[in-house]
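The structure under discussion appears below in the form of structure tokens.
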Amino acid sequence: MTEAEQATSWLVLVIKLPAEPSRHRVAVWRELRKIGALSLGQGIWAVPDVPVFAEGVRRALALADSAGGQGVTLQASGRTPEDAARFRGMFNAARSADWAEFLADCGKFEEEIAKEIRNAKFTLAELEEEEQSLERLRRWHRDLTARDVFGAPEAAEAATRLRRCATACEDYAERVFAALHTTGEDA
């Protein structure tokens, strides 16, 4: 572990919200999950103190404030190198779970393309749907990469799988256009 990794500073958010309406708690929870914050307990979250998290933290605190709640941000670090490593490990485990979910969705995407090819469903509408799914995967990959500040081991596999998904979509697009440009005389 590098000295920089041991010395990682964290932002710890302590957020207290009114019990009702629950939509406010859900909105704050969604915002913090979206940025990859680590839940440490009820109303307590942490993120590495790096710029990629700043805007999401600001949004979560603003949501808490607008709901009549309170948010406090503390700066923290591990008291010992072991504590710092354990905290970083918890954060990396959360990122690994994110990457595992991403990889599972890549598998579903590849299965869907294979099914369309097997069924010879070569329509522009289906191609557009698959391209939208691929774009969603690209955005998700970009977001995960941004918040994976310590580099979870699954990140490299995810990049490879995303390229495979793009290749599969390109192959499917070629088949769609070939099918659309085939005339009755060509068959």
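Checking side-chain atoms of Arg164 against main-chain N and O of Cys106 turns up no donor-acceptor pair under 3.5 Å. Side chain of Arg59 to main chain of Leu32: no donor-acceptor pair is present (N/O by atom type, distance under 3.5 Å, no hydrogens or angles).
Looking only at side-chain heavy atoms (C-beta outward), Arg25 and Trp29 stay at 4.5 Å or farther from each other. The shortest distance between side-chain heavy atoms of Phe109 and Cys169 falls below 4.5 Å. Taking the side chain as every heavy atom from C-beta outward, Ile117 and Asp171 approach each other to under 4.5 Å. In this structure the side chain of Leu162 reaches within 4.5 angstrom of the side chain of Leu134, judged on heavy atoms. In this structure, the side chains of Glu126 and Glu112 come closer than 4.5 Å at one or more pairs of heavy atoms. Here the side chains of Thr8 and Phe87 are not in contact, with every heavy-atom distance at 4.5 Å or above.
Contact between Ala179 and Phe122 at its shortest, heavy atoms only, is CB-CB, 3.7 Å. Pairing each heavy atom of Gly56 with each of Ile35, the nearest pair is CA-CG2, 3.6 Å. Considering every non-hydrogen atom in both Ala67 and Pro18, the closest pair reads O-CG, 3.4 Å. The two residues Ala168 and Ile113 come nearest to each other via the heavy atoms O-CG2, 3.8 Å. Summarising the geometry of Val28 relative to Ala60, their closest heavy-atom pair is CG2-O, 4.0 Å, with the distance given to 0.1 Å. Nearest heavy atoms, Ala152 versus Arg95: CB-CB, 4.1 Å.
Atom CD in Glu130 sits 9.5 Å away from atom CD in Gln132 (nearest 0.5 Å). How far CG of Asp98 is from OG1 of Thr145: 11.0 Å, rounded to the nearest 0.5 Å. The distance from atom CG of Leu63 to atom CZ of Arg23, rounded to the nearest 0.5 Å, is 11.5 Å. Atoms CG and CD, on Leu103 and Glu154 in that order, are 7.5 Å from each other to the nearest 0.5 Å. Separating the CZ atom in Arg58 from the OG1 atom in Thr73 is a distance of 12.0 Å, to the nearest 0.5 Å. If you take CG on Leu38 and CG on Leu13, they are separated by 11.5 Å, rounding to the nearest 0.5 Å.
Within 6.0 Å of atom CD in Gln42, 12 or fewer heavy atoms from other residues, nucleotides or ligands are found, so the atom counts as exposed in its surroundings. Within 6.0 Å of the CD atom in Glu131, the count of heavy atoms belonging to other residues, nucleotides or ligands exceeds 12. Shown here is Arg30, whose CZ atom has no more than 12 heavy atoms of other residues, nucleotides or ligands within 6.0 Å. Within 6.0 Å of the CD atom in Glu128, the count of heavy atoms belonging to other residues, nucleotides or ligands does not exceed 12.
Evaluation of the ring-ring contact (aromatic ring centres under 6.0 Å, His included) rule for His24 yields no partner, not counting sequence neighbours. With sequence neighbours excluded, the residues that form a ring-ring contact (aromatic ring centres under 6.0 Å, His included) with Phe102 are Trp99, Trp140, His141.
For the pair Asp143 and Arg147, the salt-bridge criterion is not met [side-chain N within less than 4.0 Å of a carboxylate O]. For Lys108 and Glu111, the salt-bridge test fails: no basic side-chain N is under 4.0 Å from an acidic carboxylate O.
The aromatic rings of Phe150 and Trp10 sit tilted, their planes meeting at an angle between 30° and 60°.
For the residue pair Arg163 / Thr160, a side-chain donor-acceptor distance below 3.5 Å is found, with atom types taken as modelled.
Under the 4.5 Å side-chain heavy-atom criterion for Ile, Leu, Val, Met, Phe, Trp and Tyr, Leu11 and Leu40 are members of the same hydrophobic cluster. In terms of hydrophobic clustering, with Ile, Leu, Val, Met, Phe, Trp and Tyr side chains grouped at heavy-atom distances under 4.5 Å, Val26 and Trp45 are assigned to different clusters.
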